[in-house]
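For reference, the structure discussed in these notes is given below.
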There are 2 protein chains.
Amino acid sequence: MQKRAGKKRANLRDVASKAGVSVATVSRVMNNPDSVAPDTRERVETAMRALHWTPSAAARAINSGRTRFVGALVPTLDSDIFARVLAEMESRLALHRLSLVVATTGGDADIEAQKAQALLDIGAEGLLVSGAAHSPEFRALLERTRLPAVATSWYDPDFLLPTVGYDNRAAANLALGHLADLRHTRIAVLHGPVENNDRTEARLSALRESDVELSFHQTALSVAGGRDATREVIRATPQPSALLCLSDVLAAGAIYECHHAGIKVPQDMSIIGTDDLPGSSQLHPALTTVHLPVGRMGRIAADAIANWVEAHQRPADRLLDIELMVRETTAPPVG
Amino acid sequence: MQKRAGKKRANLRDVASKAGVSVATVSRVMNNPDSVAPDTRERVETAMRALHWTPSAAARAINSGRTRFVGALVPTLDSDIFARVLAEMESRLALHRLSLVVATTGGDADIEAQKAQALLDIGAEGLLVSGAAHSPEFRALLERTRLPAVATSWYDPDFLLPTVGYDNRAAANLALGHLADLRHTRIAVLHGPVENNDRTEARLSALRESDVELSFHQTALSVAGGRDATREVIRATPQPSALLCLSDVLAAGAIYECHHAGIKVPQDMSIIGTDDLPGSSQLHPALTTVHLPVGRMGRIAADAIANWVEAHQRPADRLLDIELMVRETTAPPVG
DNA sequence: TCTAGCTATGTAACCAGTTACATGATCATT
DNA sequence: AATGATCATGTAACTGGTTACATAGCTAGA
């Protein structure tokens with residue numbers, strides 16, 4: 001009466017009875033084939049195929065206590081930077097036989113907490129998060145569950161979590177220093193939205209504390225946004241002699257717009273970016289920018305979380321070097 | 001003698017005994033809090049906190065038979081296109097309360113089969129794959145397990161899996177048709193590697209079958225690759241009057257290189273791309289290209305797989321419209 | 001020929017949850 | 001006061017695997 005006509009997915013017991021062996025034998029065929037006699041193994045494998053049976057990941061996980069995946073929380077996938085970080089993380093985690101579950105937060109700390117909980121609910125063994133801004137709920141979650149988690153894209157040894165990243169303040173200062181060395185004094189800063197972006201915020205705060213006079217221009221984080229902001233900046237009198245862009249995409253827009261407006265780069269306008277995207281060296285003229293080691297960061301963070309998950313070893317914080325890439329878009333101001 | 005000093009992770013039974021209730025009551029607090037008296041609930045929640053307890057995802061999954069995540073297999077994350085598709089998929093799947101596990105294949109069909117198995121091993125309920133090239137092992141896996149899976153980035157109603165995508169041959173023909181309409185006759189085709197890239201292959205085969213005389217130039221799929229190929233093309237005599245690029249990044253490189261070489265676009269050289277990346281309309285001059293609806297594709301594929309997984313309904317194939325975006329890089333040839 | 005040791009396999013407990021069903025207490029109804 | 005309904009909670013079976021331990025059959029050494 002109970003056993004209805006098939007419908008349900010087969011389980012290990014079904015396979016065992018079909019093959020005329022015990023459950024232990026079936027399990028052995030899966031995990032330790034050598035310990036089973038060849039003809040028995042054969043029979044079991046035939047039964048598996050006949051029943052379309054695949055072991056249930058959940059049932060295995062319940063015994064091993066392992067799910068073999070970690071979660072990554074990023075503001076957006078629709079950005080060269082995060083896509084590259086994730087690409088590196090994914091391939092690095094694969095080496096540790098770990099998978100990567102991606103969740104986007106839109107930069108919203110509440111959504112981050114929510115998605116972190118969702119990742120936990122589906123069994124993530126660890127978390128990779130980006131940036132410094134996290135909600136109290138998120139912190140509470142980490143403390144309550146003691147889940148291994150590594151923060152990237154910034155560096156702060158005092159943070160609740162181990163951080164793997166670069167110094168965003170230093171990155172901004174490096175760009176500014178380069179322009180100052182060239183004797184630029186009228187500098188406009190182009191940056192993306194600050195709400196929900198602690199990295200931009202850190203860079204801006206470093207600039208604000210410098211003793212150089214700067215004008216700040218917030219715009220959309222896109223090539224078009226860079227063009228818009230540049231259009232506005234070049235209307236000012238006196239016109240700035242340099243554009244410090246906190247992102248390479250803005251710098252690309254700035255180059256286009258200067259070109260469009262007949263302003264010569266770098267003679268009439270110096271432009272410096274931040275990121276060093278793969279295409280930036282191919283812009284015309286080639287973009288001077290601050291190289292952020294995002295690929296390396298992804299690899300290191302992946303190794304760190306893998307080691308924490310597997311060997312229960314909390315990783316050390318890692319400060320990664322940034323580097324000024326002087327190319328063709330910066331020069332001393334004329335006059 | 002048995003109960004060692006703590007070490008192990010607490011389970012639901014530990015919480016129950018600590019709170020002085022039964023396991024069922026603890027479970028109710030988690031899943032149906034209203035059915036538990038407020039003070040009892042309070043006691044249970046206190047016990048949970050005290051023991052740092054979080055329910056095991058695996059144990060839940062074993063009962064529900066659900067893991068609530070699907071896997072996505074993409075050639076690479078390091079590409080605007082796939083990053084955007086995944087971004088859309090992720091946010092769309094979140095609406096269905098499904099998570100997305102990302103795996104990259106490098107375009108290698110064997111690695112794809114391998115990673116598909118790995119995704120299955122960790123419990124993926126469905127798969128999103130891209131392109132047409134798959135190994136026999138991969139097909140066998142799908143047939144054996146009957147795992148819901150949807151293929152994207154191309155369209156073929158005869159394929160083993162439901163496909164959601166556009167017609168790559170039509171995309172190439174649309175670009176070629178535009179150049180032909182402008183009366184270009186000497187056209188060079190720039191394309192990325194064909195090995196492990198069935199989409200490029202499909203576009204090329206459509207072009208080869210056309211009655212227009214074309215020269216083909218394979219290069220690296222990057223801005224630099226586009227520049228290299230263009231440098232080579234413009235050396236030829238007679239010089240082609242148009243560059244048909246099967247990818248927008250190549251077209252961007254082509255624009256830069258023409259600019260560099262003093263060739264006026266579109267007067268002396270027409271350039272057309274394929275993809276319509278967000279930055280393409282911001283290039284200078286703005287790139288004429290074939291718009292591929294990758295964002296929409298991601299959303300539709302995500303809905304399709306979610307519906308299949310949840311409602312056991314195999315989705316229908318979906319052919320998505322492509323569109324010619326005429327902007328500033330194409331014009332009739334001079335002379 | 002007896003026994004020790006090995007191999008192939010089976011039995012049943014176990015992992016950490018969920019849930020059908022049972023139970024006892026409280027409350028309203030007649 | 002007896003009856004029935006409702007509510008809060010408990011008991012135990014169940015999910016689908018793994019594995020410690022038991023056992024039967026066979027071989028080899030003394």
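Every chain is numbered from 1, with letters handed out A, B, ... down the list of sequences. Values in this document were obtained by computation on a predicted structure and should not be read as measured data.
Between the CG atom of A/D121 and the P atom of C/dT18 there is a distance of 11 Å, rounded to whole Å. Rounded to whole Å, atom P of D/dT9 lies 12 Å from atom CG of B/N32. Going from atom CG of A/D39 over to atom C1' of C/dT7 covers 13 Å, rounded to whole Å. For B/D34 and D/dA8, the CG to P distance is 10 Å, given to the nearest whole Å. What separates CG of B/N11 from C1' of C/dC14 is a distance of 12 Å, to the nearest Å. Rounding to whole angstrom units, CG of residue A/L12 and C1' of C/dC14 are separated by 15 Å.
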Nucleotides 19-22 of chain C: which of its N/O atoms have a protein N/O under 3.5 Å away?
none

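You'll find the side chain of A/N31 reaches within 4.5 Å of the side chain of A/S27, heavy atoms only. Side-chain atoms of A/W308 and A/V150, non-hydrogen and from C-beta on, do get closer than 4.5 Å to each other. Taking the side chain as every heavy atom from C-beta outward, B/M48 and A/R144 never approach each other to under 4.5 Å. Between A/L12 and A/P55 there is no side-chain heavy-atom pair separated by less than 4.5 Å.
Of the two residues near DNA chain D, A/V26 and B/R41, the one whose nearest nucleotide lies more 5' is B/R41.
Pairs of residues two or more places apart, or lying in two chains, that qualify as side-chain hydrogen bond (donor to acceptor under 3.5 Å, both in side chains) and include a residue from residues 84-112 of chain A are A/E88-A/R299, A/E90-B/T104, A/E90-B/K115, A/R92-A/D303, A/H96-A/D303, A/T104-B/E90, A/E112-A/H134.
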_side-chain contact (heavy atoms from CB on, under 4.5 Å) evaluation trace for A/L86 with B/L86_ = CA-CA 12 Å; A/L86 286 180; B/L86 286 180; over 6 Å; no
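Residue A/S35 has no polar side-chain atom (N or O) positioned under 4.0 Å from OP1 or OP2 of C/dT7.
Contacts between residues 46-67 of chain A and DNA chain C, defined by a heavy-atom separation under 4.0 Å, are made by A/I62, A/N63.
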